[in-house]
Structure formats: structure tokens, C-alpha cells
Amino acid sequence: LAGKFAPLFSRADVMKYGQNIKFDLQVLRKYGIEVKGPLFDTMIAHYLLDPEQPHNMDHLSRVYLNYLPIPIETLIGKKGRSQMTMRLVDVQLLKNYACEDADVTWKLSRILSEKLKEEKLENVFREIEMPLVPVLADMEFQGVKLDVNALREQSAILKNELQQAEKEIFTMAGSSFNLNSPRQLGEVLFEKLKIIENPKLTKTKQYSTNEETLQKLAGKHPVIDKILEYRMLQKLVSTYVDPLPDQINPLTRRLHTSFNQAITATGRLSSTNPNLQNIPIRDAKGREIRKAFVASSENHVFFSADYSQIELRLMAHFSGDAIMQEAFRNNEDIHRTTAAKVFKVAPEEVSREQRNKAKTANFGIIYGISAFGLSERMGIPRSEAKQIIDSYFETFPGVKDYMNQCIFTAREKGEVYTLTGRRRKLPDINSQNSVVRGNAERNAINAPIQGTAADIIKIAMINIHNEFLKRGLKTKMLLQVHDELNFDVPKEELEEVTALVTSCMEQAMPLNVPLTVETGVGRNWFEAH
DNA sequence: CCTGACTCGC
DNA sequence: ATGCGAGTCAGGT
């Protein structure tokens with residue numbers, strides 16, 4: 001049956017409609033059918049119209065067609081052990097379901113297509129989101145090779161350290177308990193050992209034992225450092241080292257993530273099953289895990305390319321701030337330059353501490369931070385934080401104006417936009433509740449920046465994918481981590497691919513500051529990054 | 001099966 | 001009380 005439709009699917013002049021059409025592409029691919037040409041995904045169309053709403057078909061059908069489709073549960077049962085597969089469903093029931101599914105998708109597409117046009121979202125839909133679908137499908141299909149032995153070795157070492165830490169903690173605490181239970185840990189620390197007077201509580205009145213809280217208590221009792229060590233080791237083992245090998249597909253022997261294109265409020269992708277966008281890097285022990293993400297063979301290398309400071313560069317672009325733009329045009333170390341200007345010292349006189357504070361301030365700015373937040377983050381008094389912020393805005397007056405402009409636009413339009421016209425609605429921007437309103441104001445500043453960065457890397461991915469195809473390269477794009485792309489490259493293609501990827505990423509969108517890309521290469525992700 | 005606390009990434 | 005995500009575990013239903 002699939003064969004009869006194959007010629008239609010391969011026609012570049014026929015639009016293919018679907019709800020979550022990446023899934024259909026992948027199913028058809030299993031039957032050797034390559035789908036070509038323009039796509040229309042109702043899920044993604046609705047995501048662009050209102051990213052924070054649900055995008056499942058039942059919801060869309062109810063809202064736009066005033067119709068409740070046959071729930072899939074009536075065919076295959078509820079989720080869980082007893083759920084059947086589509087193959088086992090009576091063919092007459094399946095026919096009704098499938099035809100209705102196609103009909104609802106088509107009817108939705110008529111309505112959503114019109115709305116995209118009316119709301120000036122057709123361009124980002126047609127030129128970015130739809131062309132990205134087959135790119136992501138290819139990346140997911142390709143998968144990444146995992147060195148299982150490397151992880152097994154790490155697992156053995158970490159579990160030893162974990163046992164040792166656990167033993168020492170129980171000795172210091174004078175009893176055993178479930179260390180993975182924050183509640184039990186809190187009772188031991190604050191009721192049994194009584195390490196401080198008035199412990200911080202969570203919103204549900206439990207003792208707070210999170211990392212930030214424990215860091216502040218580190219000097220009070222030697223057990224605290226051990227607990228922090230235990231937490232780190234436990235996280236590495238239970239989230240990465242042990243589960244990852246179990247998620248390898250036995251047929252392909254690769255790890256295949258899913259990239260979700262219709263989840264985030266800002267336009268970023270997200271990654272699940274497994275999430276390969278949060279593999280550890282900051283901590284040395286965690287970073288070792290990246291050694292297990294390897295090139296597909298001895299003749300291939302793992303190649304990584306990431307944007308340098310893309311969000312701050314976008315702040316410089318949007319704000320038009322002359323000082324910040326100049327720093328990027330001269331390819332300066334932006335945190336050092338910021339520190340020099342904010343603390344009024346020569347760039348070469350900037351201390352490590354000053355640079356770190358400037359770095360925190362730069363990130364805080366993108367997120368719309370307050371003096372309070374900055375003081376917490378830097379571990380300094382609020383008055384000092386306020387001085388830094390004042391000095392920051394004196395240094396970069398355009399940034400301050402731009403931030404106010406974002407909030408003004410949001411109040412007027414009830415939404416904010418990225419460079420491609422992608423939008424985020426901000427219904428709370430005029431809320432009477434200052435907490436709720438403050439949140440919307442930070443979104444108004446952050447969403448255009450984070451969202452434009454997402455637009456840019458999506459454009460780069462599409463162009464890179466097309467160039468690979470056009471030039472007949474065997475290199476495969478594997479992973480996207482928000483400002484970074486990773487590839488499996490045959491050694492003989494490395495030179496060409498490095499130039500091509502760098503160029504596609506740097507030239508993805510013209511801005512009034514340059515975008516720069518840093519690349520790395522090695523046998524694995526650890527070496528490449 | 002759900003929620004909260006926690007911790008990993010950009 | 002700085003933005004955006006996902007996974008694990010405990011502990012409750």
C-alpha cells in the first residue's frame with residue numbers, strides 16, 4: 001500500500017499535510033519512502049500562532065472545529081502496560097480513525113494557514129520551521145554512537161565513590177537514612193544534627209536542602225561537603241552514566257534523541273528520550289561523560305561548532321548600543337571589556353573577580369535581572385549590586401533604552417517579536433500583580449533575544465543540511481544544543497565541512513555586529529568541545 | 001499517575 | 001526575588 005503512494009510523496013510540487021509530520025516522515029522512511037517537497041504541519045503552525053497553548057490534535061479540533069475526534073484510547077487502550085499497538089486494532093475501526101485523523105488535519109490546515117497569513121507568521125513557518133522538519137528527522141534517524149564500555153568504567157568508579165561518600169555521611173550523621181530523600185536529609189541536618197538555628201524552608205514548609213542552601217552551610221559541618229559530593233555523583237550515575245546505554249536502539253546501535261519543535265515559549269528546540277541538550281560539561285567529573293559520545297568509526301571525527309556570545313551579540317544588535325557594538329566589532333573579550341568600563345579600570349587591570357562579576361551582570365541583563373537577584377547571584381550586598389547595575393547602564397545606555405522599549409512594545413501590543421517575526425504573547429504585561437507583571441517584563445526582554453538566537457541557528461541548520469546534500473557530503477549533523485551544532489565527519493571532509501559550517505552559521509542572518517563561531521574536533525564530544 | 005524537590009544544560 | 005528546557009527520585013494518591 002505504501003508503495004502506491006510513494007510517487008506522490010516524492011513529488012516536490014505537492015504539499016503534504018500532517019499533525020506532527022516529522023513522525024510521519026520517520027514512519028514512511030522505515031518503508032523506504034522519502035517524502036520530498038513542501039510540508040504543512042498543523043502542530044507547528046499552531047505553535048507559531050500561540051506557542052504556550054497545547055498543540056495536540058484533540059485540543060486544536062475542539063477549539064477550531066468545535067469537534068471531538070475519536071480518542072486514540074478507544075482503539076489501543078490507555079497508556080501503560082496494557083496499551084496495544086495500532087497493528088492489533090480491527091481494520092474497520094482503524095479506517096474510521098485514520099480517515100477522521102486525515103480529515104481533521106486537513107480542516108485544521110485550512111484555518112491555521114489563513115491565520116498564519118493574517119498574523120504575519122507565514123514567512124517563519126514556510127522558510128524556517130517547515131524546512132527544518134526533515135533536517136531534524138535526519139538527525140534523529142542518524143543517531144549518535146555511544147562508547148558503552150567507557151560508561152561502564154565510569155559507572156564502576158562513580159559507584160565506588162558513591163558508596164564511600166554514603167558511608168562517611170552515615171558515620172557523621174550517626175544513622176542511616178535514604179540520602180536521596182530531601183525530606184529525610186533535611187530532618188537529619190536540621191533536627192538531629194541541628195547544624196543551624198533557623199533553616200530555610202521550601203514553599204511546602206520542608207527543610208530546603210538544595211545545592212545553593214547547602215553551599216552556604218558548607219562551613220558549619222563537615223558532612224555538608226560530603227552530601228554535595230554525593231548529590232553530584234548520584235546525579236551523574238542515575239541520569240546519565242547508567243540510563244544512557246539502556247537507551248541505545250538495538251537495531252541501529254545508536255542513541256536517537258527526539259527534538260521537539262513545538263514546546264518552548266521562545267522558539268528553541270527541546271530534546272527528550274534521552275535529553276542530549278543537558279549532558280554535563282561544567283564539572284570535570286561530569287564532563288568525562290562526553291568521552292562516551294564518539295565518532296561513528298575510526299575514519300570519522302566528532303566535530304563541534306558553537307556561536308560565541310550569540311545572545312549578548314543580539315543584545316548589541318537590537319539595542320544599537322554603540323559601546324557594546326564596538327566591543328563586538330573589535331572582537332574583544334566582552335566580559336573583560338564590560339568589567340573595565342563598569343569598574344572603571346584599564347582592560348588589562350581587570351581582576352578575575354571583576355571579570356566574573358561582569359559576566360554575571362551580562363547574563364543577568366539578558367534575563368532582566370533585578371538588583372536583588374544580582375546581589376544573590378554574586379554574593380554581594382544589594383547596595384553594591386545596585387551600583388554595578390547603575391554603572392552598567394551608564395556604560396551601555398542603549399541597552400537600558402532597549403529594555404524599556406521592549407516593555408513598552410509589550411504593553412502596547414501584548415506581545416513581542418524576534419527578527420523573523422516569531423512572537424510570544426504576554427497577557428500578563430499589564431497585570432495588577434507586580435510579581436506576575438515583573439515576570440512578563442523579563443519575558444519581554446528575554447524572548448526576542450533567546451528567540452532570535454533560535455531562529456538564527458535553525459536557518460544555519462537548514463542551509464548546512466542543503467549544502468551537504470548539494471555537495472554530496474557524507475557528513476551527518478547529529479545534535480543541536482541551542483548555540484552549538486555537532487557532526488560526524490569523515491576525516492577527508494573535515495576541512496571542507498569546517499569552512500562550510502562556520503560560514504553557514506556566521507552568515508545565517510545579517511546583523512549590525514558580526515557573529516562568530518568556534519569549532520573543535522576530536523574522537524569524541526569531550527575532545528571536540 | 002501526579003507533584004515537588006533537586007540538578008543537568010544553554 | 002534572572003530567561004528557557006528535561007530526567008530522577010521520593011512520596012503521595
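Values below: every heavy atom of this structure, side chains too, minus hydrogens, waters and symmetry copies. Just so we're on the same page: letters track the sequence lines, and every chain starts at 1.
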Q: Over 60° means perpendicular and under 30° means parallel, so classify the ring planes of A:Phe487 and A:Phe303, tilted if in between.
A: tilted
Q) A:Asp488 versus A:Phe302: any side-chain heavy-atom pair under 4.5 Å? A) no
Q) What's the shortest heavy-atom distance between A:Val124 and A:Leu48, and which atoms? A) CG1-CD1, 4.0 Å
Q.
Counting the atoms with a prime plus P, OP1 and OP2 as sugar-phosphate, which does A:Leu269 contact under 4.0 Å by heavy atoms, base, sugar-phosphate, or nothing?
A. nothing
Q | Minimal non-hydrogen separation, A:Phe396 against A:Ile323, with atom names | A | CE2-CG2, 3.7 Å
Q) Charged N to carboxylate O under 4.0 angstrom, A:Glu140 versus A:Lys22? A) yes
Q. Taking only residues two or more places apart in sequence or in another chain, which ones pass ring-ring contact (aromatic ring centres under 6.0 Å, His included) with A:His465?
A. none
Q) From the 5' end of DNA chain C to its 3' end, which nucleotides mark the outer limits of contact with chain A, defined by a 4.0 Å heavy-atom distance cut-off (strictly under)? A) C:dA1 to C:dG12
Q. How does each nucleotide of nucleotides 2-8 of chain B score, in 5' to 3' order, for protein heavy atoms under 4.0 Å: base (B), sugar-phosphate only (S), or none (-)?
A. --SSSBB
Q) Do NZ/NE/NH1/NH2 and the carboxylate oxygens of A:Asp138 and A:Lys476 come within less than 4.0 Å? A) no
Q | Pair A:Asp50 + A:Lys425, salt bridge at N-O below 4.0 Å | A | yes
Q: Could you walk me through whether A:Tyr417 and A:Thr452 pass the side-chain hydrogen bond (donor to acceptor under 3.5 Å, both in side chains) test, one step at a time?
A: CA-CA 9 Å; A:Tyr417 314 91; A:Thr452 301; over 6 Å; no
Q: Decide side-chain contact (heavy atoms from CB on, under 4.5 Å) for A:Lys145 and A:Arg253; before the verdict, give the C-alpha distance in whole Å, the side-chain angles of both, and the deciding distance to 0.1 Å.
A: CA-CA 7 Å; A:Lys145 187 178 174 188; A:Arg253 300 181 187 177; over 6 Å; no
Q) For the pair made of CG in A:Asp283 and C1' in B:dG9, what is the distance, rounded to whole Å? A) 13 Å
Q | Pairwise 5' ranking along DNA chain C for A:Arg268 and A:Thr272, keeping only the more 5' one | A | A:Arg268
Q: Specify the separation, in whole Å, of atom CG of A:Leu479 and atom C1' of B:dG9.
A: 13 Å
**Q.** Within residues 414-421 of chain A: residues closer than 4.0 Å to DNA chain C (heavy atoms)
**A.** none
(Q) Does the plane of the ring in A:His335 sit parallel, tilted or perpendicular to the ring in A:Phe363? Use 30° and 60° as the thresholds. (A) tilted
Q. Is there a residue in residues 370-381 of chain A whose heavy atoms reach under 4.0 Å of DNA chain C, and which residues are they?
A. A:Ser370, A:Phe372, A:Gly373, A:Arg377
Q) Hey, are A:Glu229 and A:Lys226 close enough for a salt bridge, meaning a charged N less than 4.0 Å from a carboxylate O? A) yes
Q: Tell me what A:Arg424 touches on the nucleic acid: a base, only sugar-phosphate, or nothing, going by heavy atoms under 4.0 Å.
A: sugar-phosphate
Q) With a 4.0 Å cut-off, would you call A:Lys341 and A:Glu394 a salt bridge? A) no
Q) Which of residues 436-454 of chain A have a heavy atom under 4.0 Å from DNA chain B? A) none
Q.
Just the rounded figure in Å: distance from P of B:dC10 to CG of A:Asn362.
A. 17 Å
Q: Please list residues of residues 173-180 of chain A whose heavy atoms come under 4.0 Å from any atom in DNA chain C, ordered by number; otherwise none.
A: A:Asn178, A:Asn180
Q | Pair listing, side chain to side chain donor-acceptor pair (under 3.5 Å) test, anchored in residues 370-390 of chain A, at least two apart | A | A:Lys357-A:Glu384, A:Lys386-A:Asp390
Q: Of all the heavy-atom pairs spanning A:Leu244 and A:Ile279, show the shortest one and how long it is.
A: CD1-CD1, 4.4 Å
(Q) Tell me the interatomic distance from A:Gln277, atom CD, to B:dC10, atom P, rounded to whole angstroms. (A) 10 Å
Q: Considering non-hydrogen atoms only, spot the tightest contact between A:Val517 and A:Ala305 and give its length.
A: CG1-CB, 3.9 Å
Q | side-chain contact (heavy atoms from CB on, under 4.5 Å) between A:Leu479 and A:Leu485, intermediate numbers included | A | CA-CA 6 Å; A:Leu479 300 172; A:Leu485 297 173; over 6 Å; no
**Q.** Between C1' of B:dC10 and CG of A:Leu312, the distance in whole Å
**A.** 13 Å
Q. Between residues 48-56 of chain A and DNA chain C, which residues have a heavy-atom gap below 4.0 Å?
A. none
Q) Who pairs with A:Tyr207 by ring-ring contact (aromatic ring centres under 6.0 Å, His included), at least two apart in sequence or on another chain? A) A:Phe190
Q) Partners of A:Arg355 by salt bridge (Lys or Arg N to Asp or Glu O under 4.0 Å), sequence neighbours excluded? A) A:Asp333
**Q.** Qualifying residue, where the test is side chain to side chain contact (heavy atoms under 4.5 Å, CB included) with A:Ile227 and the options are A:Leu217, A:Val188, A:Thr209, A:Leu185
**A.** A:Leu185
Q. In chain order, what residues pass the side chain to side chain contact (heavy atoms under 4.5 Å, CB included) check against A:Asn404, with sequence neighbours excluded?
A. A:Lys400
